[in-house]
Amino acid sequence: MQKTLIETLQAFVNAAFERAGYDTKFAAVRVSDRPDLADFQCNGLMGVAKSQKMNPMEAGAAVLDALDMEGLFEADFVKPGFLNFKATDAALRALVAASAADPRALAGRVERQKIMVDYGGPNLAKEMHVGHLRSAIVGHGLINLLAFAGHEVVSDVHLGDWGLQLGQLITQIEEVRPDLFEDEVLRPITMLDLQEWYPAASAKSKADEAFRDKARIATSALQAGDGRYMRLWQRIVDVSIASLRRDYNRLGCEFTYFYGESRYQEMLGPLVQSLEDKGVAEPSDGAIVIHLEEDTKLPPLMLRNSNGGYGYGATDLATIVDRLETDRPDAILYVVDARQKMHFQQVFLGMEKTGLLGDTQLEHTAFGTVNGTDGKPFKTREGGVMRLHDLMEEMHAAARKRLEEMGKLEGAELEKTAEQIAIAAIKFGELSHDRESNYIFDMEQFLQFEGKTGPYIQYTCVRIASLMENARAAGLEPSAFTEVSDGARGLVLTLDAFAAKLARAVETRKPSNMALHVYNLANATNSFYQSNRVLAEGVAPDLAASHLGLLAAAKGQLDLGLTLLGIEVPAKM
RNA sequence: GGACCGAUAGCUCAGCUGGAUAGAGUACCUGACUACGAAUCAGGGGGUCGGGGGUUCGAAUCCUCCUCGGUCCGCCA
């Protein structure tokens, strides 16, 4: 593994701080926010001065004196107490050489863990809509990043295929389409049907108490394994999963397991019973709950309601127990809406109290809600939710239109590329936002392919690839990067930041760190490309080959970064 | 009533453990295509970082109060 410039520099600075007798906690080196003055900076000397009650200038002089950077950096100590560093040409050349040889060379390694990512989490009988994008895209990006960083990753979609919602749906079908229960006339059920029945059932359940009771009874009957209900349920499952898989495939989301809540049904009774026997769970108002600590101010975790039905508190515990037994993960990440924060606090605390958890870490990798331009949860102009399928179609059509205008592609190739661009726009639009904050979904902005977008980054890759081809045709091949110019400096330093951004993305579970890095890299690449001609009159072959060498390194990292985000790079666009 | 999250340019968002002139994109204005691909690049205008107080040599960042949003608060998931 090749060390990055900043890692190398950090080691030098740490050593100097030690030699000067200062705590290395003050030695942190960062990318300079004043690129006109320096590549990297260390601000810790003012902290040293404070803690040692001395003048920062003295501390700076001491560190400067103790600093040995083997000719790779130049140091400068300025006014209030900033230690500025500039990488030498030799250091920049070495960095590009390593990155060009293998874009993965700069990435650091983590202590390998087995991490389970629970993402997706769609409910049956509902088609996916834009609200499902975040879990799908953030979750999938996270899987790629975690695996690339060296973790062993397994994933599970954790379908909402059980519980009252299904009881409601079945009750609704009983009322409007009793014929569907007759096995001999197996009429097909479509997503369109479910799309109609499900919201109706949900609304009726809120308004109509009699319906609600029937739905509860139906739920219990289903959970008890009633034959008629189970056969209907299975048909709903089949049609729903086909629809879900279609959308997930199109987004490129992969799952180790496509399990649902129903899988744990058999475990619920015995689990709750055993917890009751152990004294962890106890009766409360006719229900069975786990009381959480008083000082947490959390309500108790409900395991079984007063009707004898099991809720998702029990299901979530059973799911964890099952995962601990079968996969033995070191950590389970729940890529789930932030609105469920309290629920996960309850589940995690409840799980601890069972004594079954061991060393496994449970994390709620929460994300904010998707709002419309009015700041309220996203709705289309017609007031409904936008189907994910429709969003993808609209994006595809916009990309197709653009490609037709460009006139470089046609036929099947054009369609394939339009799809790659559409998915890139959607994914980057999602991934460039911090997952924890809410964000505003604006179709106008999604349809934008210029500026800070996925297609912009793809376009950068396509152009560099095209340049490489032209150069080869002209008899020019990339060589080692030797000609360090001011224009190249920014690009090299951006290449250097990859490892730190990757590490941060993995630590914080935020793919946005990588998304923004890839954008910065594309930006730096375009900037360099624009002002450093390769194939032009009067450009010396050595200089051109050196430029190509740098661009090759940039292209390698762009491709890698996009792959990690789950974004494909078209050959042409 | 309790708890959590948020408020940064007209709009959409970055800003890592407090640091040197608060950054992008978009929109607006200007310049660069007989093209190494203009889905690009270069430049310009635009900000009392929601408000008050505090800590500090130094605050968008930490503490506190207030205002305004959003979310959650035992038998839905």
Side-chain angles (χ1 to χ4, degrees), chain A residues 25 28 30-34 36-37 41 43 46-47 49-50 56 78-82 84 121 123 160 162-165 167-168 202 205-206 215 219 261 284-289 297-307 309 311-313 315-316 337-343 345-346 366 368-369 371 373 375-377 402 406 408 421 432-434 436-440 442 444-445 448-453 455-456 458-460 462-464 466-471 474 476 500-501 504 508 512-513 516 519-520 523 526-527 529-536 539 544 547-548 572-573:
Chain A
K25 78 177 179 188
R30 47 189 275 175
V31 173
S32 177
D33 51 10
R34 290 293 302 274
D36 53 321
L37 299 178
Q41 61 182 349
N43 303 331
M46 287 172 284
K50 190 189 278 188
V78 296
K79 293 183 280 183
F82 297 106
N84 286 339
N123 286 335
W162 206 240
L164 185 64
Q165 41 176 350
Q168 291 172 346
S202 186
S205 195
K206 274 183 195 144
T219 306
E261 294 175 318
S284 171
D285 295 337
I288 296 176
V289 306
K297 294 187 177 177
L298 290 170
L301 178 66
M302 302 281 307
L303 298 182
R304 205 179 78 184
N305 65 33
S306 47
N307 298 325
Y312 81 150
T315 309
D316 281 359
D337 197 307
R339 283 176 287 193
Q340 300 212 33
K341 187 172 179 176
M342 182 180 286
H343 168 69
Q345 285 177 342
Q346 291 174 272
T369 42
N371 293 331
T373 45
K376 292 174 182 161
R402 188 61 173 272
M406 297 298 282
K408 294 201 182 280
I421 292 170
S432 58
H433 291 89
D434 185 314
E436 282 186 297
S437 50
N438 294 348
Y439 92 93
I440 297 193
D442 183 359
E444 300 280 317
Q445 213 173 309
Q448 187 93 38
F449 295 154
E450 280 104 39
K452 202 172 190 169
T453 66
Y456 163 81
Q458 290 177 313
Y459 179 74
T460 306
V462 167
R463 249 170 42 156
I464 302 304
S466 173
L467 170 62
M468 295 290 174
E469 262 180 51
N470 294 340
L476 266 176
K501 301 294 181 173
R504 191 158 176 78
T508 60
S512 55
N513 287 288
L516 295 174
Y519 169 73
N520 287 337
N523 207 209
N526 278 319
S527 187
Y529 171 93
Q530 203 84 15
S531 53
N532 293 273
R533 302 236 125 200
V534 172
L535 301 174
V539 177
H547 285 347
L548 285 172
K572 285 184 181 175
M573 65 188 279

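Computed over heavy atoms, backbone and side chain alike; hydrogens, waters and symmetry mates excluded. Letters A, B, ... mirror the listed sequences (proteins, then strands); counts begin at 1.
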Contacts of type side chain to side chain contact (heavy atoms under 4.5 Å, CB included), residue A:Ile440, not counting sequence neighbours: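 Partners of A:Ile440 by the side chain to side chain contact (heavy atoms under 4.5 Å, CB included) criterion, ordered by chain and then number, come out as A:Thr373.
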Protein N or O to nucleotides 56-60 of chain B N or O, pairs below 3.5 Å:
from, atom 1, to, atom 2, distance (Å)
B:U56, O2', A:Lys50, NZ, 3.4
B:G58, O6, A:Lys50, NZ, 3.3

Applying side chain to side chain donor-acceptor pair (under 3.5 Å), can you list everything that pairs with [X], at least two apart in sequence or on another chain?
{"X": "A:Ser432", "value": "none"}
{"X": "A:Asn513", "value": "A:Thr508"}
{"X": "A:Gln41", "value": "A:Asp33"}
{"X": "A:Ser466", "value": "none"}

Please list, chain by chain and in numerical order, all residues satisfying ring-ring contact (aromatic ring centres under 6.0 Å, His included) with [X], sequence neighbours excluded.
{"X": "A:Tyr312", "value": "A:His343"}
{"X": "A:Tyr459", "value": "none"}
{"X": "A:Tyr519", "value": "A:Tyr456"}

Nucleotides 67-77 of chain B: protein proximity per nucleotide (B base, S sugar-phosphate only, - neither; heavy atom, under 4.0 Å): ---SSSSBBSB
Letter per nucleotide, 5' to 3', of nucleotides 28-36 of chain B [B base touched, S only sugar-phosphate touched, - untouched; heavy atoms, 4.0 Å]: --------B
Touch class at under 4.0 angstrom, heavy-atom based, for A:Met468 against every strand present: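 If one applies the 4.0 Å heavy-atom cut-off, A:Met468 turns out to touch nothing in the nucleic acid.
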Pair partner, B:C11 [Watson-Crick or wobble, under 3.5 Å]: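 Across all strands, the one nucleotide that pairs with B:C11 is B:G25.
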Residues which pass salt bridge (charged side-chain N to carboxylate O under 4.0 Å, His left out) with A:Asp285, listed by chain and number, not counting sequence neighbours: none
Syn/anti label of B:G45 as read from its glycosidic torsion, with the cut at 90° from 0: anti
